[in-house]
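These numbers come from the heavy atoms of this one structure, side chains and all, not from hydrogens, waters or symmetry mates. Numbers for residues simply follow the sequence, beginning at 1. Since the model is a prediction, treat every value here as computed from it, not as a measurement.
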Amino acid sequence: MKITKAVIPAAGLGTRMLPISKSVPKEMLPIDAKPAMQYLIEEAAESGITDVLIITAVGKECIEKHFTACPQYEKKLLESGKEELYEEIRSINDLANIYYLHQHETGGLGQAVRMAKNFVKDEPFAVIYGDDLVVSEKPATLQLCEVYEKYGKSVAGVKRVSKDLIGKYCSLKVDDIGNGVYGVSDMIEKPKPEEILSDLAILGRVVLEPAIFDILDRIPRGVGGELQLTDAMAVMARESGMFAYEFEGTRYDIGNKLSYLMANVECAVNNQEYGDEFKKYLREFVKNMK
């Protein structure tokens, strides 16, 4: 079954990006002159997604504003002879059908996904984590959708994480099927050293069957007193099985200051308009560093 719906949880406070996140949602921080959220919506659209639900919160109204047409702005661009900019701005409004739900009380990623039940109905869907930007030739979401279409079960996007860092993420128990695909039989959120199942962790992208909602309804809250999506996927893996795919591309945590800066550098280097000039600047800057 083709995946046409995606959910983007974006209700978190973004405390790791303070002080800027006090007034600007981290999902709207610019990466090479585009807000981070636009990259996520573009990835969804390029993956065949037609309908996107953003789980947002009070104080993040600028997300909706960015993806809403502004006739006055567009008229001014046309009157100024800036047709290319006009087309660029207009194209943002046509990326996908975008819907919004406000999460009034934060309760974990599982709680955010649970809110999407009426939007998803009985269809499989993608979850694009609002903190995670993936730079890749083929969209990371599309890579997972293709694995889902082949195997017909939920798929988690994974990367290898060092033992000293995996405790901040999750750890999967897997069997290697080949070509980057793994069968998943269990997983654990934020494992202690003795609980690590493998060095594969979910980083930013999953495709889920709608059965996940029934599981979210019956599991207890987990780490941090929050409803953990990982815990629900662990139940799914144990009860009916699921898959993982080691997706191609570089993942950046845009809720982390250093990773956010790295994402800006890579996207600027790849910019067709001024990427070459930026690379030239970087070479000179590094050469002259003390």
Does [X] have more than 12 heavy atoms from other residues, nucleotides or ligands lying within 6.0 Å of its [atom1]?
{"X": "Tyr73", "atom1": "OH", "result": "no"}
{"X": "Glu248", "atom1": "CD", "result": "no"}
{"X": "Glu239", "atom1": "CD", "result": "yes"}
{"X": "Asn179", "atom1": "CG", "result": "no"}
{"X": "Gln72", "atom1": "CD", "result": "no"}
{"X": "Asp94", "atom1": "CG", "result": "yes"}
{"X": "Ile92", "atom1": "CD1", "result": "yes"}

Given Glu246, which of Arg205, Arg160, Arg251 fulfils the salt bridge (charged side-chain N to carboxylate O under 4.0 Å, His left out) condition?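 So, applying the salt bridge (charged side-chain N to carboxylate O under 4.0 Å, His left out) to Glu246 and each of Arg205, Arg160, Arg251, only Arg160 qualifies.
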Does the ring of Tyr169 carry Lys190 above it, NZ/CZ under 6.0 angstrom from centre and within 45° of its axis?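 Lys190 over Tyr169 ring: no.
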Rounded distance (nearest 0.5 Å) linking atom [atom1] of [X] with atom [atom2] of [Y]:
{"X": "Tyr99", "Y": "Phe119", "atom1": "OH", "atom2": "CZ", "answer": "7.0 Å"}
{"X": "Ile41", "Y": "Ile128", "atom1": "CD1", "atom2": "CD1", "answer": "7.0 Å"}
{"X": "Ser154", "Y": "Met236", "atom1": "OG", "atom2": "CE", "answer": "4.0 Å"}
{"X": "Glu277", "Y": "Lys279", "atom1": "CD", "atom2": "NZ", "answer": "10.5 Å"}
{"X": "Met28", "Y": "Ser21", "atom1": "CE", "atom2": "OG", "answer": "14.0 Å"}
{"X": "Asp231", "Y": "Arg221", "atom1": "CG", "atom2": "CZ", "answer": "11.5 Å"}

Decide side chain to side chain contact (heavy atoms under 4.5 Å, CB included) for Thr250 and Glu266; before the verdict, give the C-alpha distance in whole Å, the side-chain angles of both, and the deciding distance to 0.1 Å. CA-CA 10 Å; Thr250 304; Glu266 176 160 353; 4.2 Å; yes
After noting the C-alpha distance and the side-chain angles of Val235 and Arg238, does the key distance pass the side chain to side chain contact (heavy atoms under 4.5 Å, CB included) rule? CA-CA 5 Å; Val235 172; Arg238 292 193 293 265; 3.6 Å; yes
Tyr260: which of Ile31, Ile20, Asp253 passes side chain to side chain contact (heavy atoms under 4.5 Å, CB included): Ile31
Here's a test for you: under side chain to side chain contact (heavy atoms under 4.5 Å, CB included), which of Leu101, Ile98, Val7, Leu40 qualifies with Ile54? Ile98
Relative to each other, are the rings of Phe125 and Phe213 parallel, tilted or perpendicular (30° and 60° limits)? parallel
Honestly curious: do [X] and [Y] fall in one hydrophobic cluster under the side-chain, below-4.5 Å linking rule?
{"X": "Val207", "Y": "Tyr245", "value": "yes"}
{"X": "Leu95", "Y": "Val135", "value": "yes"}
{"X": "Leu261", "Y": "Tyr274", "value": "no"}
{"X": "Leu53", "Y": "Phe67", "value": "no"}
{"X": "Tyr182", "Y": "Ile196", "value": "no"}

Set out, in order, the CA-CA distance, both residues' side-chain angles and the distance that settles side-chain hydrogen bond (donor to acceptor under 3.5 Å, both in side chains) for Tyr281 and Asp276, then state yes or no. CA-CA 9 Å; Tyr281 160 76; Asp276 289 341; over 6 Å; no
Under 3.5 Å, is there a donor-acceptor pair between the Asp131 and Tyr252 side chains?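 Asp131 vs Tyr252: no donor-acceptor pair found between side chains.
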For Glu27, the option from His66, Lys60, Gln38 that meets side chain to side chain donor-acceptor pair (under 3.5 Å):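 Only one option passes, and that is Lys60.
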Heavy atoms only: give me the nearest [X]-[Y] pair and the separation to one decimal.
{"X": "Leu227", "Y": "Pro220", "result": "CD1-O, 4.0 Å"}
{"X": "Tyr148", "Y": "Ile3", "result": "CD2-CD1, 3.7 Å"}
{"X": "Ile202", "Y": "Met233", "result": "CD1-CE, 3.5 Å"}
{"X": "Lys153", "Y": "Val155", "result": "O-CG2, 3.2 Å"}
{"X": "Asn271", "Y": "Glu273", "result": "OD1-N, 2.7 Å"}
{"X": "Glu189", "Y": "Thr230", "result": "OE1-OG1, 2.7 Å"}

Would you check if the side chain of [X] reaches a backbone N or O of [Y] as a donor-acceptor pair within less than 3.5 Å?
{"X": "Glu123", "Y": "Lys5", "answer": "no"}
{"X": "Lys121", "Y": "Asn118", "answer": "yes"}
{"X": "Ser259", "Y": "Ile254", "answer": "no"}
{"X": "Glu79", "Y": "Lys76", "answer": "no"}

Min side-chain heavy-atom separation [X]-[Y] under 4.5 Å:
{"X": "Ile188", "Y": "Cys170", "answer": "no"}
{"X": "Leu109", "Y": "Tyr129", "answer": "yes"}
{"X": "Ile55", "Y": "Tyr100", "answer": "no"}
{"X": "Lys257", "Y": "Arg16", "answer": "no"}
{"X": "Val158", "Y": "Leu203", "answer": "no"}
{"X": "Lys82", "Y": "Tyr86", "answer": "no"}
{"X": "Gln143", "Y": "Ser47", "answer": "no"}
{"X": "Leu197", "Y": "Leu172", "answer": "no"}

Please determine if [X] and [Y] form a salt bridge, counting it only when a charged side-chain N lies under 4.0 Å from a carboxylate O.
{"X": "Glu284", "Y": "Lys287", "value": "yes"}
{"X": "Lys34", "Y": "Glu42", "value": "yes"}
{"X": "Lys163", "Y": "Glu194", "value": "no"}

In sequence, state the C-alpha distance, the side-chain angles, and the governing distance for Thr4 and Ile49, and then conclude on side chain to side chain contact (heavy atoms under 4.5 Å, CB included). CA-CA 4 Å; Thr4 62; Ile49 303 295; 5.7 Å; no
Check against salt bridge (charged side-chain N to carboxylate O under 4.0 Å, His left out), Lys138 and Glu46: CA-CA 9 Å; Lys138 178 186 284 189; Glu46 291 166 5; over 6 Å; no
Show, in sequence, the C-alpha distance, side-chain angles and deciding distance for Ile212 and Leu229, and conclude whether the side chain to side chain contact (heavy atoms under 4.5 Å, CB included) test is met. CA-CA 9 Å; Ile212 196 71; Leu229 183 61; 4.2 Å; yes
